[in-house]
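Everything on this sheet refers to the single structure shown next.
What's counted below: heavy atoms across the whole structure, side chains too, no hydrogens, waters or symmetry copies.
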Amino acid sequence: MAALGGDGLRLLSVPRPERQPESAALGGPGPGLCCWVSVFSCLSLACSYVGSLYVWKSELPRDHPAVIKRRFTSVLVVSSLSPLCVLLWRELTGIQPGTSLLSLMGFRLEGIFPAALLPLLLTMILFLGPLMQLSMDCPCDLADGLKVVLAPRSWARCLTDMRWLRNQVIAPLTEELVFRACMLPMLAPCTGLGPAVFTCPLFFGVAHFHHIFEQLRFRQSSVGSIFLSAGHLIGPVLCHSFCNYMGFPAVCAALEHPQRRPLLAGYALGVGLFLLLLQPLTDPKLYGSLPLCVLLERAGDSEAPLCS
């Protein structure tokens, strides 16, 4: 060491260069441009999804079977092409995810059973009050209800009902694919994983504003009731389908219900248990390795809170 002399010691004391984000290392755009590309890509996806619903000109309301069938075609085409937007984003930013595109979008077998069961269980706990209200107002008992649910004839009738297919199958699948599976990988390197999880629903919510104009156009509801109801991939799809089935909780009806005290207690208990169980039931360790964490590491964010 001494033989190197003063200059040698000074050279050894030069600090190591800080780790650069993957996009910079690959010669891609800087963080600012990367964020703009990510936001623009997500906005383009949202506009494409909503715009595809209005390719077909019709004076019929949105619940008409003919309208639903045409919109099925449009959203299925857009949803099938949406992964291409993620591929284009990858080329424009230079960020290499380090994992397959399907895995990054949530199509993987690892942790599939807890991913299918735990989020749905958590959502049902949140809807404890509405579920109690539904059971109180249902004229049939539990045994009769199970017979109806498990009867093949009931499922066959559902599968021929265009509104049921839209609300319980097509809408949850295509919307979660576009607004979560495709958008989350593009937003996470820009905003971080936590903010991206809360940003994707904003695109989803804004994209649903077109329902307001449709309902006002056909005078299906008042402005106030419309806004109350508008606030609202295996796990999100199942939860989405369940929420579509339940609808927005009928709080006003619960306040006027003959058994409002136990019903309101159920509402409060559901919210309380949801908040209590939210963190343990969404612990990433329950669902296997997160491909998004690999993406963030390659983008230079190796200390993401949800990945540590």
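The two residues Gly192 and Pro195 come nearest to each other via the heavy atoms O-CD, 3.6 Å. For the residue pair Met105 and Ala181, the shortest heavy atom distance occurs at O-CB, 3.1 Å. Contact record, Pro61 with Val67: O-CG2, 3.5 Å, taken as the closest heavy-atom pair. Considering every non-hydrogen atom in both Ala171 and His240, the closest pair reads O-CE1, 4.3 Å. Closest heavy-atom contact between Ala116 and Leu120: O-CB, 3.7 Å.
Side chain of Asn167 to main chain of Asn244: no donor-acceptor pair is present (N/O by atom type, distance under 3.5 Å, no hydrogens or angles). At least one donor-acceptor pair closer than 3.5 Å links the side chain of Gln168 to the backbone N or O of Ser241. A donor-acceptor pair is defined here as one N or O able to donate and one able to accept, closer than 3.5 Å; such a pair exists between the side chain of Ser38 and the backbone of Met186. Under a 3.5 Å cut-off, the side chain of Ser79 and the backbone N or O of Leu76 do not form any donor-acceptor pair.
Under the 4.5 Å side-chain criterion, counting only non-hydrogen atoms from C-beta, Leu263 is in contact with Met136. Contact check for Met246 versus Leu131: side-chain heavy atoms found under the 4.5 Å cut-off.
Separation of atoms CG (Leu53) and OG (Ser48) is listed at 11.0 Å; rounding is to 0.5 Å. Between the CG atom in Leu269 and the CG atom in Leu264 there is a gap of 12.5 Å [rounded to 0.5 Å]. Going from atom CZ of Phe274 over to atom CG of Leu281 covers 9.5 Å, rounded to the nearest 0.5 Å. Interatomic distance, CG of Leu173 versus CG of Leu165, reported as 12.0 Å (0.5 Å rounding). The CG atom of Leu184 sits 8.0 Å away from atom OG1 of Thr191, with the distance rounded to the nearest 0.5 Å. The CG atom of Leu202 sits 10.0 Å away from atom CZ of Phe198, with the distance rounded to the nearest 0.5 Å.
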> Does the pair Cys190 and Cys34 meet the rule for a disulfide bond (SG atoms under 2.5 Å apart), with working shown?
Replying inline: CA-CA 7 Å; Cys190 173; Cys34 176; over 6 Å; no
> Does the side-chain contact (heavy atoms from CB on, under 4.5 Å) test come out yes or no for Leu187 and Cys42, once each step is laid out?
Replying inline: CA-CA 8 Å; Leu187 288 174; Cys42 292; 3.7 Å; yes
>> Determine whether Thr174 and Tyr49 satisfy the following criterion, side chain to side chain donor-acceptor pair (under 3.5 Å), listing intermediate values before the conclusion.
In response: CA-CA 9 Å; Thr174 58; Tyr49 188 94; 2.8 Å; yes
>> I'd like to know whether Val169 forms a side-chain contact (heavy atoms from CB on, under 4.5 Å) with Trp164, so could you lay out the CA-CA distance, the side-chain angles of the two residues, the decisive distance to 0.1 Å, and finally the verdict.
In response: CA-CA 8 Å; Val169 180; Trp164 187 92; 3.8 Å; yes
> Would Phe179 and Cys200 satisfy side-chain contact (heavy atoms from CB on, under 4.5 Å), going step by step from the backbone distance to the final call?
Replying inline: CA-CA 6 Å; Phe179 291 94; Cys200 288; 5.8 Å; no
>> Arg62 vs Arg166, test: side-chain contact (heavy atoms from CB on, under 4.5 Å). Steps then yes/no.
In response: CA-CA 11 Å; Arg62 64 185 294 267; Arg166 178 193 63 192; 3.8 Å; yes
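Here Phe127 and Phe242 bring their ring centres to under 6.0 angstrom of each other.
Under the 4.5 Å side-chain heavy-atom criterion for Ile, Leu, Val, Met, Phe, Trp and Tyr, Leu177 and Val77 are members of the same hydrophobic cluster. Connection of Leu117 to Met124 is not established within any shared hydrophobic cluster, with ILVMFWY side chains joined at heavy-atom distances below 4.5 Å, either directly or through further cluster members. Under a hydrophobic-cluster definition in which Ile, Leu, Val, Met, Phe, Trp and Tyr are linked whenever side-chain heavy atoms come within less than 4.5 Å, directly or via other members, Leu88 and Val86 are assigned to the same cluster. Follow the hydrophobic side-chain contacts under 4.5 Å out from Leu84 and you reach Met183 in the same cluster. Following chains of ILVMFWY side-chain contacts shorter than 4.5 Å, one can reach Leu277 starting from Leu286, so the two form part of one hydrophobic cluster.
In the displayed structure, Leu109 atom CG is contacted under 6.0 Å by at most 12 heavy atoms of other residues, nucleotides or ligands.
Cys182 has its SG atom at least 2.5 Å from the SG atom of Cys85.
With sequence neighbours excluded, the residues satisfying side chain to side chain contact (heavy atoms under 4.5 Å, CB included) with Thr99 are Pro97, Ser103, Leu104, Pro291.
Residue pairs meeting the side-chain hydrogen bond (donor to acceptor under 3.5 Å, both in side chains) criterion with at least one partner in residues 252-268, sequence neighbours excluded, are Gln133-Tyr267, Asp137-His257.
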Review item, side-chain donor-acceptor pairs of residues 148-162, under 3.5 Å, at least two apart:
{"residue": "Ser154", "atom": "OG", "partner": "Val148", "partner atom": "O", "Å": "2.8"}
{"residue": "Trp155", "atom": "NE1", "partner": "Val149", "partner atom": "O", "Å": "2.7"}
{"residue": "Thr160", "atom": "OG1", "partner": "Ala156", "partner atom": "O", "Å": "3.4"}
{"residue": "Thr160", "atom": "OG1", "partner": "Arg157", "partner atom": "O", "Å": "2.9"}
{"residue": "Asp161", "atom": "OD1", "partner": "Arg163", "partner atom": "N", "Å": "3.1"}

